[in-house]
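One structure below.
Sequence lines set the chain letters: A, B, ... in the order given, protein chains first and strands last, and positions in each chain run from 1. Hydrogens, waters and symmetry mates are skipped; everything else that's a heavy atom, side chains included, is used.
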Amino acid sequence: MELRGKIGFLGGLVLSLFVGWWVFPLALYERVEQPLDFSHKVHTGEQAGMSCEDCHSFREDGSFAGIPKVENCTGCHSEPQGKTVAEKVLYQEYVSKNREIPWLVYAQQPENVYFSHVQHVKRAEIACERCHGAHGKTDTLRPFERNRISGYSRDIWGRSISRISRASWEGAKMDDCIDCHAERGVEDNCLLCHK
Amino acid sequence: MSDIKKPQTKPSRLGMVIDIDKCNGCGSCMVACAVENNVPPVPQAAGERKAITWLKVYRVSNGQEFPNHRTVFIPVSCQQCGTHTPCVSVCPQQAVDVDPQTGVVGQMPERCLGCRYCMAACPYHARYFNWWDPVWPAGMEKALNPAVSPRMRGVVEKCNFCHGRYHAARAKAAAEGRTELAPGEYLPACAEACPTGAIKFGDLADQGSEVSQMASGEQAFRLLESLGTESKVYYLTRQPWVRQLAATPLKNGREEKHG
Amino acid sequence: MAIISRRDLFRFAGGAAVGTMLSPLPWKLLDDVSIWTQNWSWIPKPPKGAVSFKYTNCTLCGSGCAAQVRCIEAEPVSLAGIRSDIGLGFLCPLGLVAHHLRYHPDRVTQPLVRAKGDELKPSSLDDATRVVSGKLQRLAQQTQPSDSYLAILGNRPGTAGSDALLALLARFPHAAYVGCPNDGDGVSVLGSMVEGDQNWALDIANSKMVLSFGAPLLEGWGTSGRMLAQFASSDRKTRLIHVEPNCSLTARAADVWLSIQPGSEAALALGLANVLIEAKLVDPSVTCPDLEVDSPYRKLVAEFSAERVAGLTGLKPEVITQTARAIAQEGPALVISRGYVSGPVSRAEELAIQGLNFLLGNLDRPGGALARPSPSQSQVAGPTPASQPGPGVVRALAAIPDGSVELLIVDASSGNDLPPWAAVQPKLSPDQAVVVVLAGLPTAWAQRADVVVPSPVFGEAIEELPGNVDDTANSLRLSARLVDPRPGLFNLLDFVNHTAVAAGLATSPVSYEDAAKQKVAAIHQAGIGNVVSPADGQAKAVTDYSSSDELWTALAGGARWENAAPEAIKPATRRFSLAGPDSGDVERMRKAAAQRGGLADVAPSEYPLTVVSAEGRAYDSKVSPLLAKITWESGLHAERTCMINPATAAKQGVLAGTTVTVQTPSGSLDVPVTLSEEIMPGVLLLEDPTGEDQSGLMTGTDATCRVMPGRLEVA
């Protein structure tokens, strides 16, 4: 092939690689701010000294309360506890109106997925950090990076588009669940995790 | 507490025993099934063929005239075939599989591409297709059961022995530090709703369980046994004409075992 | 060369294609698009939340079965019967979808008012109130000789709301408060045959044998769960002889099914009485000593020998003799009639049937008919002033003069039956009557109303449920408030109170809920009885509740109060009285038996067939879309159809599914046909899910009937 042809080909190649590897991940996600800048560190640190289970608790029947309702916050925040903007918003928009905070859930799975926290936390004794990272130590909530096509968080695929060298908490696709199940030799029947 | 970290639960063979002599055809089981599993209503103009009834109670007659005519009612859901599962063997998508732990044949509508090969393969006609997206009257979607996800159009669905209740029972056991479910801890909606107690559910592999004893009794039979599906839904009756009918394939008219 | 040629573009595209394949773009896109196609926004996502269980009693029919409600946060998502105490009833298909009722698309949400000659139009509460309170004022202030009536339909005797309404009605010179017909109407006739004002309950749970004259025991009669548990199984302890022309579910399950000609129940009852006496299977001087040997009843019984009755019923004489022997010697059997299921009882027929209970000595014995304090007496202790009806209040439809009712208020809000329109309409004033109907759904009654007032449905308000005919204990059950109702809903008492206040007839009347609370407080004060918790079946004495509020909370949460051994009402003798207020009873019984309820009077050439109303519970798929699963989606139960024996259909030239016109001397109805070998040849069985005869088809001498002469034409 003549040089000109090679340049054309290479040009296309380089451009598409650039678009595919760099532009595409950038454009695919839109950053959405959480409704409230919640600081886990403030709540789990020395000041309040709470643990994960204090808010993200299990009910008696084994179901997981997930992200707590606003009445959980009102328990302590029935009056503003500090002077930050977040505190003000919490009180004015949510606590005083008894309105639920529309959190964007990083770990949100599709409707047909049944994930049982109690099986993984109580039975398999897996630490929260293994799947959720050091979320409990963060001082601020990172923006929710919403996949424009599927609507789910970037956390589900993982930060890196190539999925190479991921930490254990980066990625919650079905394959990731299956991999861990296979590693530990745990049952992996379809209806176990799907509803 | 020591058994909670056991990697697997003890394998069981979940099955059902339905006493035809106790069934009075009320249909409570069918309605309870639809409520539990968010089975959508179907437009009436479409007719019975396009209806979705995971559990269907058939009217079966002895073919005699009045006053010797007798009807029995036979509730038929997925028979949870054992050794030979026709639907599993034909599915191109592996959208249905057998759970080695419980023996339950689980249907995954999210994998299904809607070819309906399984519907043709199922000898009990226990599989149903979603011709439409589900539509409930305004507001009623708030009263749906969150333990079972609603299906979109174009996929096949069937009885899974109430997997939503199975999940809840396993979660409760785990919360209490157990891996094994106690007998009767998990009951599908139909067994719970039957007013006469005609539907019994349990572990066929457990020799001491009520269902295993009933299933090995003289009155017990299965539908279309000669096909060799080794299904896990047994029926009981003292009436010989009913047993005969269950063994034979189908005739025309209302008194047949499939729609 | 600066011009870019087509070949350059192809090379570029080729490179781009290779590069795209080597990038994550197409693969990730595929994955994301497939997820997108599985998550359409219009597929509902069930709301998530904490699961909790509540308890209540179902209000979709008169049985009031106990239910456990599974809630997600505050929303009921499913109901289940309570198996541990089958005496509480068990949910039928209607109860299983009771929680859907409030989302019914045709729900009555605001008052509707009909201007004269026009149709019902949405209106306001003020308008509706104005119409009704104006009438109330007129009726309260009327003086002699005017005798315009205020009539209220839907009395549930014994409930606090009913007692409170009776007190209000005392202000009106002419008022009527007519009860909901129910399965126990036959037993009320029994009550009219003895002296004393008491209620009768049937102790079926302890009966060794039951002779049922058409009572649909397995199709919703009495406390349906208890009946099913007792009779549906083939290894039951109670023997069942069931008398019915067609092979219904109950007939099919019975030990003995007597298939008689429609309308010949009275003849069979008198024939059995005849054999009991003639063959000395009972000793009437012991079982009912007040019944004199030469009494009109005994003389009537003597006319109906087994042979004569065989001719009237179509049974063989020896079958009648054998049956009489069985009910005397294997029981004695408790004789049950159907009560109001598809139409009012025929008094003549009931008298004949209940006569058997007297002869068999079934009164005041376990397994028989037991007397309980009447609804006008407090269930706890003694009659209370508020529950005494005023001098002008009549309690029976028949006692209202024709054309005298100016204001009719109908409680069509819950599952109880109402008298048929054909029985009520003659009582309405021809030009002045205003009909007010309280309804949650647009029932047939609501469509005849001048004013429709929206009422709460299951789960939206506390409702007191009266006992069933097979409840031998005095009990108090409530249906719980599970959800917050929309504003503007009224139950009967609260609406009447509201309009009475507007009319200046009352100032601050006691509300329905407060009346019920007062009743509970009276129970707490008297310290009688136990409270059974549906969660664990444990009984706790009333005296263990420290306050009446605590007792109320328990009852409002689905628990049941019962006084299992209320003071028995037992006068020295039981006077068997057929006289009643009208001594023509014997003549009517004779006619009912000899003429098969009037059927024999009609020329067979004109009406060769017999039309019969179906007795069992109807599963109307309009109550919830999921009820369609057991009607048209499976063909298990028939909706609005006429069932015919295939041989009869062939003779009439009718095929399955054809629409025919069924005609009787009083009306006609177009309905599709279903063929069934369970129907007696010559009989047309009408399944009418609305539970009311809208067409006037079944209107006979008793205002309406269950059995009529008929013919059919292909429409």
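- Put simply, of A/D61, A/L13, A/N147, A/I161, the one with the most heavy-atom pairs under 4.5 Å next to chain C is A/L13.
- Annotation: side-chain hydrogen bond (donor to acceptor under 3.5 Å, both in side chains) contacts involving residues 166-180 of chain A, sequence neighbours excluded, comprise A/R163-A/D176, A/R166-A/D176, A/K173-C/D31.
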Which donor-acceptor pairs under 3.5 Å do the side chains of residues 110-117 of chain A make with protein atoms, sequence neighbours left out?
| from | atom 1 | to | atom 2 | distance (Å) |
| --- | --- | --- | --- | --- |
| A/E111 | OE2 | A/K195 | NZ | 3.3 |
| A/N112 | OD1 | A/H194 | ND1 | 3.2 |
| A/Y114 | OH | B/H167 | O | 3.3 |

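- Atom NZ of C/K45 sits in a crowded spot, with more than 12 heavy atoms from other residues, nucleotides or ligands closer than 6.0 Å.
- Annotation for C/D536: atom CG counts as buried by contact number, over 12 foreign heavy atoms lying within 6.0 Å.
- Of the two parts of C/N39, only the side chain, counted from C-beta on, holds a non-hydrogen atom closer than 4.5 Å to a non-hydrogen atom of chain A.
- More than 12 heavy atoms of other residues, nucleotides or ligands shown are found within 6.0 angstrom of CD on C/E550.
- Other residues, nucleotides and ligands place more than 12 heavy atoms under 6.0 Å from the CZ atom of A/R148.
- Around the NZ atom of C/K540, the shell of radius 6.0 Å holds more than 12 heavy atoms that belong to other residues, nucleotides or ligands.
- Heavy-atom pairs under 4.5 Å with chain A peak, among C/A13, C/G19, C/G15, C/S23, at C/G15.
- Considering only residues two or more places apart in sequence or on other chains, A/F58 meets the ring pair (Phe, Tyr, Trp, His ring centres under 6.0 Å) condition with A/F64.
- Below 4.5 Å, heavy atoms of chain C meet heavy atoms from A/L15, A/S16, A/L17, A/V19, A/G20, A/W21, A/F24, A/L28, A/Y29, all part of residues 14-32 of chain A.
- A distance of 11.5 Å separates OG of A/S150 from CD of C/Q38, quoted to the nearest 0.5 Å.
- For the set A/I149, A/I7, A/L10, the count of heavy-atom pairs under 4.5 angstrom toward chain C peaks at A/I149.
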